[in-house]
Structure formats: C-alpha cells, structure tokens
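Report on the structure given below.
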Amino acid sequence: MRLLLDTHVLLWWLADDPSLGEEARAGISAPDSAVYVSAATVWEISIKRSLGKLDAPTDLLRQIELSRFEPLSMTTTHAYTAGALPRHHDDPFDRMLVAQAMAEGLTLLTRDPRMGLYGVGVLAV
C-alpha cells in the first residue's frame with residue numbers, strides 16, 4: 001500500500017494519539033506499506049507551530065525519519081494540479097495533498113470527507 005498522510009494523521013501517529021483508528025495504524029505500520037509525508041505537511045506544521053496555533057514536535061524532521069516515512073517534495077506539476085482542482089476544498093495544503101496523491105498514485109489517509117470528492121483514493125481514519 002502506498003499512503004500519503006494528512007497533517008493530522010502524521011501528528012496523531014507521532015503522538016500515539018488514540019484518534020488514529022486501528023485500520024489506519026495497521027496500514028501505516030504494515031511492512032509492505034510505503035508511507036509518504038508531503039513537504040506541504042511539514043510546511044503547514046512549521047507555520048502553525050511558529051504562530052502558536054499547533055503543538056508539534058520541535059524535531060519533526062527527525063521524528064519523520066525515525067518513523068521511516070518517505071519525504072514527498074512538491075513539484076511544479078503538483079502545484080499546477082492543485083491550482084486547477086475544483087473548489088471542493090479551499091485549504092491550499094489539503095489541495096496540494098490531493099494533487100500529490102493523484103499524481104503519484106497514493107492513497108490519502110485523512111479524516112476530512114471533502115478529500116474524497118476529488119476521486120482520489122482515501123482511507124478514512
């Protein structure tokens with residue numbers, strides 16, 4: 001399984017938060033899963049953390065590495081696709097995740113039901 005973590009899913013995983021369901025945990029921890037964290041997610045966390053709107057690890061990049069998650073860079077193709085998406089969702093970070101999931105053939109782990117409106121594979125948490 002090839003998974004892309006939404007921001008809240010990454011934070012729940014790192015905090016061992018019970019909000020993350022068993023199916024999602026099993027998918028993330030499965031030995032044959034490739035789990036990706038977008039640069040958009042790291043950017044969102046960094047911004048919100050610096051504004052005092054989010055409690056997140058100060059060593060976020062190290063925690064991602066220790067979890068053996070793969071970094072996913074943002075490309076111009078991802079950016080163009082995100083900008084061209086229908087207006088089901090206005091959050092630019094979420095739109096980027098949708099575009100990346102579409103372009104890279106990834107299943108998006110999220111609790112946001114609007115993400116599925118784009119026709120991208122979604123695993124609800």
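Start at 1 with the first residue, then count along the sequence. Scope of the values below: all heavy atoms of this structure, side chains included, with no hydrogens, waters or symmetry mates. Being a predicted model, the structure only gives us computed values, none of them experimental.
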Checklist entry - Can you hop from Met1 to Leu106 via hydrophobic side chains spaced under 4.5 Å? => result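 Per the 4.5 Å side-chain linkage, Met1 and Leu106 are not co-clustered.
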Next on the checklist: Quick check: is Met115 connected to Val9 through a chain of hydrophobic side chains (ILVMFWY, heavy atoms under 4.5 Å apart)?
Outcome noted: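 Shared cluster, no.
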Next on the checklist: Please list all pairs meeting salt bridge (Lys or Arg N to Asp or Glu O under 4.0 Å) that have one or both residues in residues 27-39, counting only residues at least two apart or in different chains.
Outcome noted: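 Pairs touching residues 27-39 that pass the test: none.
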Checklist entry - Which residue pairs pass the salt bridge (Lys or Arg N to Asp or Glu O under 4.0 Å) test when at least one of the two sits in residues 38-48, sequence neighbours left out? => result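 Qualifying pairs, neighbours excluded: Glu44-Lys48.
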Checklist entry - Do Leu123 and Glu23 come within less than 4.5 Å of each other through their side chains, counting heavy atoms only? => result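 With C-beta onward as the side chain, the pair touches.
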Checklist entry - Below 4.5 Å, heavy atoms only, C-beta onward: do Leu10 and Ile64 meet side chain to side chain? => result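 A side-chain contact under 4.5 Å exists here.
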Donor-acceptor pairs under 3.5 angstrom involving side-chain atoms of residues 81-88: please list them, not counting sequence neighbours.
unit_1, atom_1, unit_2, atom_2, d
Thr81, OG1, Thr77, O, 2.9
Arg87, NE, Asp90, OD1, 2.7
Arg87, NH2, Asp90, OD1, 2.6

Return the minimal non-hydrogen interatomic distance between [X] and [Y], and the atom names on each side.
X: Ser33; Y: Gly27; answer: OG-O, 2.6 Å
X: Ser38; Y: Leu97; answer: CB-CD2, 3.4 Å
X: Val120; Y: Ala101; answer: CG2-CB, 3.3 Å
X: Leu20; Y: Ile28; answer: CD2-CD1, 4.1 Å

I'd like to know if the side chain of [X] reaches the main chain of [Y], judged simply by a donor and an acceptor atom lying under 3.5 Å from each other, with no hydrogens or angles considered.
X: Thr107; Y: Leu3; value: no
X: Tyr118; Y: Met102; value: no
X: Arg49; Y: Leu54; value: no

Side-chain donor-acceptor pairs of residues 65-72 under 3.5 Å, sequence neighbours excluded:
unit_1, atom_1, unit_2, atom_2, d
Glu65, OE2, Arg62, NH1, 2.8
Ser67, OG, Gln63, O, 3.0

Checklist entry - So with a 6.0 Å cut-off around CG of Asp59, is the heavy-atom count from everything else above 12? => result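 Yes.
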Item to check | Pairwise ring-ring contact (aromatic ring centres under 6.0 Å, His included) hits with a residue in residues 46-65, at least two apart | outcome: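 Qualifying pairs, neighbours excluded: none.
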Checklist entry - For His8, what residues pass the ring pair (Phe, Tyr, Trp, His ring centres under 6.0 Å) criterion, not counting sequence neighbours? => result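 With neighbours one apart ignored, the set is Trp12.
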Item to check | Apart from Phe93 itself, residues in the same hydrophobic cluster as defined by side-chain heavy atoms under 4.5 Å | outcome: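 Same cluster as Phe93: Trp43, Ile47, Leu51, Met74, Met96.
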Next on the checklist: Test of understanding: with side-chain contact (heavy atoms from CB on, under 4.5 Å), list the residues that count as partners of Leu61, not counting sequence neighbours.
Outcome noted: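 Partners of Leu61 under the side-chain contact (heavy atoms from CB on, under 4.5 Å) test: Val42.
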Item to check | Qualifying residues under side-chain contact (heavy atoms from CB on, under 4.5 Å), relative to Ala34, sequence neighbours excluded | outcome: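 Per chain and number, Ala34 pairs via side-chain contact (heavy atoms from CB on, under 4.5 Å) with Arg2, Tyr36.
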Can you tell me how far the [atom1] atom of [X] sits from the [atom2] atom of [Y], to the nearest 0.5 Å?
X: Ser29; Y: Trp13; atom1: OG; atom2: CH2; result: 5.0 Å
X: Leu11; Y: Asp6; atom1: CG; atom2: CG; result: 9.5 Å
X: Arg95; Y: His78; atom1: CZ; atom2: NE2; result: 15.0 Å

Item to check | Criterion side-chain contact (heavy atoms from CB on, under 4.5 Å) on Leu4 and Gln100, from CA distance to verdict | outcome: CA-CA 9 Å; Leu4 178 59; Gln100 289 181 306; 4.2 Å; yes
Checklist entry - For Thr41, which residues count as a side chain to side chain donor-acceptor pair (under 3.5 Å) partner, sequence neighbours excluded? => result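 Counting only residues at least two positions away or on another chain, Thr41 forms no side chain to side chain donor-acceptor pair (under 3.5 Å).
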Next on the checklist: Just to verify, what does Arg114 make a salt bridge (charged side-chain N to carboxylate O under 4.0 Å, His left out) with, not counting sequence neighbours?
Outcome noted: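 Arg114 satisfies salt bridge (charged side-chain N to carboxylate O under 4.0 Å, His left out) with Asp112 once adjacent residues are dropped.
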Checklist entry - Who passes salt bridge (charged side-chain N to carboxylate O under 4.0 Å, His left out) against Asp16, sequence neighbours left out? => result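 Applying salt bridge (charged side-chain N to carboxylate O under 4.0 Å, His left out) to Asp16 gives Arg25.
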